[in-house]
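For reference, the structure discussed in these notes is given below.
Below, chains carry the letters A, B, ... as their sequence lines are ordered, and counting in each starts from 1.
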Amino acid sequence: MSRYDPSVIEPQWQDAWEKAGAFTARRDPAKPKYYVLEMFPYPSGRIHMGHVRNYTMGDVVARTKLAQGYSVLHPMGWDAFGMPAENAAMERGGHPKDWTYGNIADMKAQMKPLGLSIDWSRELATCDAEYYGQQQAMFIDMMEAGLVYRKAAVVNWDPVDMTVLANEQVIDGKGWRSGAAVERRELTQWFFKISDYSEELLSALDGLTNWPEKVRLMQANWIGKSRGLQFGFQTVGAPEGLETLEVYTTRPDTMMGASFAAISPDHPLAKVLEADPKVAEFVALCRKGGTSAEEIETAEKIGYDTGIRVKHPLDPNWELPVWIANFILMDYGTGAIFGCPAHDQRDFDFATKYALPIKPVFTADGSDAALTEAFVPMKSEKVHYIRGFAGDKVQSGDEGVAAAIAHAEANGYGKGVTKFRLRDWGVSRQRYWGCPIPVIHCASCGVVPEDKKNLPIELPYDVTFDVPGNPLDRHPTWRDCTCPKCGAKARRETDTMDTFVDSSWYYARFTAPRATTPTVLEDAEYWMNVDQYIGGIEHAILHLLYSRFFARAMQKTGHLPAKAIEPFNALFTQGMVTHEIYKTTDDKGRPVYHLPEDVIRSESGATLKDGTAVEVIPSAKMSKSKKNVVDPMNIIASYGADTARWFVMSDSPPERDVEWTASGAEAAFKHLSRVWALSARIGEMPADHNGEGDEALAKATARAIDEVTKGIEGFAFNKAIAGLYGFANTISRANGSTGAMRHAIRTLAKLMSPMTPHLAEAVWAAQGGEGLCTTAPWPKADPALLVDDTVTLPIQINGKRRAEISVPKDMPTAEVEKIALADEAVVKFLAGQPVKKIIVVPGRIINVVV
RNA sequence: GCCCGAGUGGCGGAAUGGUAGACGCAGGGGAUUCAAAAUCCUCCGCCGCAAGGUUUGCGAGUUCGAGUCUCGCCUCGGGCACCA
């Protein structure tokens with residue numbers, strides 16, 4: 001054996017795996033199956049450290065399961081539709097399709113050298129017509145199943161470019177290219193009825209015991225089930241047909257603190273009132289800015305008094321003014337509220353601004369003093385009601401709400417209802433590079449699904465991006481078609497689907513990626529569910545919730561078996577890899593981002609290579625749009641894939657964010673070189689060498705097997721690696737017989753193989769291991785070797801560590817106490833004080849209380 | 001604004017409510033070398049010569065015992081439905 005040279009061994013072992021077909025997934029009824037999946041990448045063109053971290057984690061799991069005797073499915077694909085391809089076409093010319101497939105080829109070429117145990121025969125890209133054609137078929141099935149509909153919804157509208165903008169393209173309320181003030185505009189759009197499953201998606205979260213608690217909580221809050229009161233205000237002075245104003249409130253117990261009613265600018269009443277130019281002007285003002293929740297909720301609260309009044313349901317002589325307010329969302333509840341400034345901070349701010357009354361309904365102590373801010377205690381907390389009308393004087397908010405609902409139902413002015421915050425999923429995108437919605441608009445038949453035999457509806461290639469807007473809209477012939485129902489001339493839908501649709505079912509497609517139906521039930525039956533799904537925490541809500549919905553929709557339409565209703569048995573959310581962001585501004589004041597490799601960083605700041613000063617924004621999630629990505633190819637070129645893999649797994653716990661730094665790669669390489677040298681040294685030992693260390697080596701081996709196996713299975717890769725460092729050091733210092741040393745280093749190789757598979761193969765082969773290390777069975781620790789005969793017990797006096805004793809592991813408690821109290825140091829510290837209590841935690845600690 | 005996390009040496013981090021700082025990096029000292037790199041040995045939270053004291057963002061609390069549990073703050077990060 002010579003020097004450790006990964007550039008020689010890595011390609012060599014990758015070839016060996018390929019020849020052996022080691023990673024081809026096969027349906028084998030004799031074996032248990034294991035499906036491990038990492039969230040597939042967007043083909044930006046370069047892999048970054050986040051990818052390396054993500055795919056190495058999945059690979060460690062996949063390789064361990066393979067060794068443990070499972071039939072493993074570990075596929076890879078490309079989430080290939082989306083805006084960056086169109087942006088590239090606009091910025092640099094070229095075609096989104098060429099750009100995307102070029103990027104896929106580049107990224108695959110960068111991933112291959114990592115030595116991942118991927119079954120590449122199952123590769124797919126969502127922009128393959130083979131894939132999105134099946135998605136169109138499912139869209140049609142979902143239409144027939146009543147899971148798809150059209151309605152008006154607001155979008156960001158750029159009035160200069162005359163185009164719809166994504167939230168990301170709205171910066172400080174302005175269009176990113178035109179710089180024009182963005183408006184909210186209504187458009188008829190396609191929706192999936194995810195709200196049909198609100199209750200089901202919420203209650204099924206309880207069964208996802210192998211998901212992080214955090215993700216389940218985030219999803220539960222997102223779905224947002226609430227119990228409240230819906231009732232109608234009688235209006236005074238409202239236009240005809242609007243005699244009642246329906247409102248929903250989760251705090252009906254605060255009804256006596258009402259000081260106004262407020263409606264959304266998009267509320268039907270507001271629309272009627274828009275006939276008045278002053279109202280129209282105000283509503284137009286409300287529509288300024290983008291559609292994101294952040295923008296709407298942080299915008300200055302503005303209101304307009306309509307002059308209309310409503311009668312308070314508990315007192316017909318009490319009238320409240322009706323305002324139009326920009327912070328009321330039409331999407332939630334009924335789009336109308338009653339404002340109770342005393343117990344809602346937004347209402348408080350609004351009432352303060354417009355001099356509306358602020359009357360507390362309850363207080364902490366029963367006093368009735370003026371408030372300087374809204375009093376919003378936990379609903380579970382007991383408070384004193386001073387303007388209550390139902391239930392007890394002193395009760396919790398929850399009790400107050402329940403009593404108020406009961407009161408309303410008994411007196412017939414309202415009823416308790418359950419509402420969800422979850423809105424239906426708008427999937428229409430007015431863009432080219434996405435899956436065409438397979439629907440036809442016919443003058444006589446209306447909206448008609450395309451005939452399945454015409455699928456896939458492929459994107460036309462001959463499009464241009466020289467003007468803003470959707471190229472499909474202005475394509476001369478693509479839109480023209482015949483109605484599948486009546487045969488008349490008709491027009492194709494030009495909206496494409498949200499890319500979240502593409503990623504909501506790819507896990508199922510991987511079980512039969514070449515099928516001419518979306519899935520094949522026998523394959524789905526065998527491979528589903530995904531046993532371990534791994535991806536970024538940034539997908540905790542949308543992608544994972546949409547996927548859970550899609551699995552249900554696919555089951556309803558016959559594309560998945562019942563067992564796959566929750567598609568991901570276990571979820572691991574890895575932390576993000578973060579990096580600084582480098583920004584400059586172009587001549588129109590718009591931000592331009594720069595790759596770290598194009599920036600020269602110094603203590604004082606940063607510049608481009610031509611000397612232009614660059615603004616440094618603190619470390620944040622690596623993202624293509626911010627260009628704060630790092631190229632791992634440099635590390636692979638210098639140190640090899642095993643070093644890169646070892647390094648990304650070793651330092652940070654996998655669920656935590658890691659800030660990318662260059663230090664550590666060198667150290668990882670040094671350690672792998674040490675293992676290589678150790679193997680060479682053992683290889684040169686004479687066959688008949690005898691040492692005294694065999695028993696200690698056997699114990700260390702058992703402990704390493706135990707520690708590494710537990711580390712990998714518990715997703716604590718950093719701890720598994722700490723154990724491997726320790727084991728390598730132990731072997732290096734051990735004086736065992738040649739046979740024992742060889743056995744130990746073969747075990748080390750096997751235990752390292754999920755992280756550093758190439759080095760492991762080389763060591764395995766050199767030490768006489770049978771066959772490929774990759775397919776050799778995972779070692780088992782002999783339990784008898786894992787227990788020590790004596791234990792060291794620390795002795796605390798009043799909780800402070802003062803001494804320690806060594807005793808046989810199964811010594812009775814009474815005897816341990818006796819030895820502890822007789823200990824010299826303990827006697828000294830006690831100084832004759834009487835012992836009040838002595839606590840012995842067997843095998844752990846002794847605490848003496850005086 | 002709303003929802004969710006995280007905070008432990010110079011750094012990355014370890015610790016079923018039971019010896020805080022495993023393992024690694026950086027650093028100090030030494031061996032080897034003509035010299036250096038590499039390698040090996042050794043020390044390494046802070047204060048202190050030592051004995052000892054002190055230490056897990058800040059402040060309270062529960063407990064024989066709290067990094068871990070509870071409450072209140074501070075700081076940083078993620079998500080907010082058209083970024084993927």
Side-chain angles (χ1 to χ4, degrees), chain A residues 39-42 44 79 81-84 153 155-156 164-170 189 194 212 214-215 217-218 220-222 224 290-299 301 327 331 345-346 349 421-431 498-500 502-503 536-543 545-546 575-576 578 618-621 623-626 650-653 655-659 661 663-664 666-668 670-671 673-674 677 716 718-719 721-726 729 792-804 836-839 841 843-850:
Chain A
M39 291 179 187
F40 64 167
Y42 178 79
S44 59
D79 188 12
F81 275 134
M83 289 200 303
V155 292
N156 300 303
V164 176
L165 297 177
N167 282 340
E168 191 193 48
Q169 299 170 314
V170 180
Q189 312 213 59
I194 190 172
K214 172 166 87 164
V215 173
L217 184 60
M218 283 165 87
N221 286 334
W222 188 259
T291 60
S292 74
E294 187 186 0
E295 208 171 324
I296 290 166
E297 289 186 39
T298 53
K301 289 169 192 62
F327 61 94
D331 290 318
Q345 191 57 45
R346 283 189 310 188
D349 296 342
R421 203 184 72 103
L422 181 65
R423 311 201 296 252
D424 277 331
W425 176 11
V427 295
S428 286
R429 298 293 181 271
Q430 295 71 39
R431 261 178 271 283
D498 179 7
T499 57
F500 273 121
D502 312 336
S503 56
I537 184 67
E538 70 273 24
H539 294 294
I541 298 173
L542 292 179
H543 162 62
L545 192 63
Y546 290 152
M576 289 174 291
T578 64
S619 210
K621 168 194 156 191
S623 94
K624 314 154 254 293
S625 58
K626 299 278 162 56
S650 61
D651 259 350
S652 283
E655 68 278 11
R656 207 179 289 185
D657 286 357
V658 59
E659 159 120 52
T661 68
S663 83
E666 179 80 24
K670 277 186 190 172
H671 179 71
S673 300
R674 274 195 290 271
N718 53 327
K719 286 191 264 170
I721 284 188
L724 287 167
Y725 268 109
N729 288 338
T792 303
L793 293 179
I795 303 173
Q796 293 186 332
I797 295 171
N798 285 346
K800 289 218 183 258
R801 183 178 175 280
R802 296 301 184 186
E804 65 180 35
K836 279 192 198 146
K837 197 172 170 186
I838 180 161
I839 293 145
V841 183
R844 280 285 179 188
I845 203 166
I846 301 156
N847 194 10
V848 182
V849 186
V850 294

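- With rounding to the nearest 0.5 angstrom, the CD atom of A:Gln796 is 9.0 Å from the CD1 atom of A:Ile839.
- A:Gly536 comes within contact range of no nucleotide atom at all, as no heavy-atom separation falls under 4.0 Å.
- Looking at heavy-atom distances under 4.0 Å, A:Ala667 makes contact with sugar-phosphate atoms alone, never a base.
- Taking 4.0 angstrom as the limit, A:Asn221 places a side-chain polar atom (N or O) nearer than this to OP1 or OP2 of B:rC4.
- Here B:rC83 presents its P atom at 8 Å from CD of A:Gln169, a figure rounded to the nearest Å.
- Expressed to the nearest 0.5 Å, how far CG of A:Asp424 lies from CG of A:Leu422 amounts to 7.5 Å.
- Proximity of A:Arg802 to the phosphate of B:rG53: a side-chain N or O atom is located under 4.0 Å from OP1 or OP2.
- Going from atom CD of A:Glu168 over to atom C1' of B:rG79 covers 14 Å, rounded to whole Å.
- At a cut-off of 3.5 angstrom, the base of B:rC82 holds at least one donor-acceptor pair with the side chain of A:Gln189.
- Using the six-membered ring where Trp is involved, A:Trp425 and A:Tyr546 have ring planes that are parallel, under 30° apart on the 30 and 60° scheme.
- Annotation: B:rG7 and B:rU16 have their P atoms spaced 14 Å apart (nearest Å).
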Q.
Between A:Asn156 and A:Gln169, does the side chain to side chain contact (heavy atoms under 4.5 Å, CB included) criterion hold? Intermediate values first, please.
A. CA-CA 9 Å; A:Asn156 300 303; A:Gln169 299 170 314; over 6 Å; no
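- No donor-acceptor pair under 3.5 Å is formed between the side chain of A:Gln189 and the backbone N or O of A:Gly426.
- The separation of B:rC25 from B:rC64, taken at their P atoms, amounts to 43 Å, rounded to a whole angstrom.
- Atom NE2 of A:His543 is separated from atom C1' of B:rC83 by 15 Å (rounded to the nearest Å).
- A:Arg421 contributes atom CZ, which lies 8.0 Å from atom CZ of A:Arg423 (distance to the nearest 0.5 angstrom).
- Looking at heavy-atom distances under 4.0 Å, A:Phe500 makes contact with a base.
- Whole-Å rounding puts the A:Glu666 CD to B:rG27 C1' distance at 17 Å.
- In this structure, CE in A:Met218 is found 5.5 Å from CD1 in A:Ile537, a value given to the nearest 0.5 Å.
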Q: Sugar-phosphate atoms are those with a prime plus P, OP1 and OP2; base atoms are the rest. Using that split, label each nucleotide of nucleotides 13-23 of chain B B, S or - for protein heavy atoms under 4.0 Å, 5' to 3'.
A: SSSB-BB--BS
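- To the nearest 0.5 Å, the span separating OG1 on A:Thr291 from CG on A:Asn167 amounts to 4.0 Å.
- If you check B:rA81, B:rG5, B:rC40 against the side chain of A:Lys214, the one that comes closest is B:rG5.
- A gap of 33 Å separates the P atoms of B:rG67 and B:rG28, to the nearest Å.
- Heavy atoms of A:Ser428 sit under 4.0 angstrom from at least one base atom.
- At the phosphate of B:rC80, neither OP1 nor OP2 sits under 4.0 Å from any side-chain N or O atom of A:Asn167.
- An anti base is found at B:rG61: its glycosidic angle is more than 90° from 0.
- The separation between A:Met218 atom CE and B:rG77 atom C1' is 12 Å, rounded to whole Å.
- Side-chain atoms of A:Tyr42 and A:Thr499, non-hydrogen and from C-beta on, never get closer than 4.5 Å to each other.
- Among B:rA81, B:rG5, B:rU54, the nucleotide with an atom closest to any side-chain atom of A:Lys800 is B:rU54.
- Using a 4.0 Å heavy-atom criterion, one finds that A:Val848 contacts no nucleic acid atom at all.
- Annotation: B:rU75 and B:rU70 have their P atoms spaced 22 Å apart (nearest Å).
- Paired runs in RNA chain B that reach 3 or more consecutive Watson-Crick or G-U pairs, where each pair keeps both distances under 3.5 Å, cover B:1-7 with B:74-80, B:10-12 with B:23-25, B:27-31 with B:39-43, B:45-47 with B:52-54, B:57-61 with B:69-73.
- Using a 4.0 Å heavy-atom criterion, one finds that A:Val215 contacts no nucleic acid atom at all.
- To the nearest whole angstrom, the two C1' atoms, one in B:rA14 and one in B:rC4, are 25 Å apart.
- Comparing the same atom, C1', in B:rC47 and in B:rU55 gives a spacing of 11 Å after rounding to whole Å.
- Distance, A:Lys837 NZ to B:rU63 C1': 9 Å, rounded to whole Å.
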Q: Evaluate side chain to side chain contact (heavy atoms under 4.5 Å, CB included) for A:Arg346 paired with A:Glu297, printing each intermediate quantity in order.
A: CA-CA 9 Å; A:Arg346 283 189 310 188; A:Glu297 289 186 39; 4.2 Å; yes
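- Here the closest heavy-atom approach between residue A:Asn847 and residue A:Asn798 is recorded as OD1-N, 3.7 Å.
- Using atom P as the reference point in both B:rG59 and B:rU8, the two lie 16 Å apart (nearest Å).
- Judged by distance alone, with hydrogens and angles left aside, A:Gln430 brings a side-chain donor or acceptor within reach of the base of B:rC82, the pair sitting under 3.5 Å.
- With the nearest nucleotide of RNA chain B identified for both A:Arg429 and A:Glu297, A:Glu297 has the one nearer the 5' end.
- Between A:Arg346 and A:Trp222, the residue whose closest nucleotide on RNA chain B is further toward the 5' end is A:Arg346.
- Rounded to a whole Å, the CE atom of A:Met39 is 15 Å from the C1' atom of B:rC83.
- Within the 4.0 Å cut-off from OP1 or OP2 of B:rA84, at least one side-chain nitrogen or oxygen of A:Thr499 is found.
- Nucleic acid contact for A:His539: base, since at least one base atom lies under 4.0 Å from a heavy atom of the residue.
- Only the C1' atoms considered, B:rG53 is 23 Å distant from B:rG57, to the nearest whole Å.
- Residue A:Thr298 is classed as a base contact, given a heavy-atom separation below 4.0 Å to a base.
- The CG-P distance, from A:Leu545 to B:rG79, rounds to 17 Å in whole Å.
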Q: Evaluate side chain to side chain contact (heavy atoms under 4.5 Å, CB included) for A:Leu542 paired with A:Trp222, printing each intermediate quantity in order.
A: CA-CA 9 Å; A:Leu542 292 179; A:Trp222 188 259; 3.8 Å; yes
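- Remark: A:Glu538 CD to A:Met39 CE distance equals 7.5 Å, nearest 0.5 Å.
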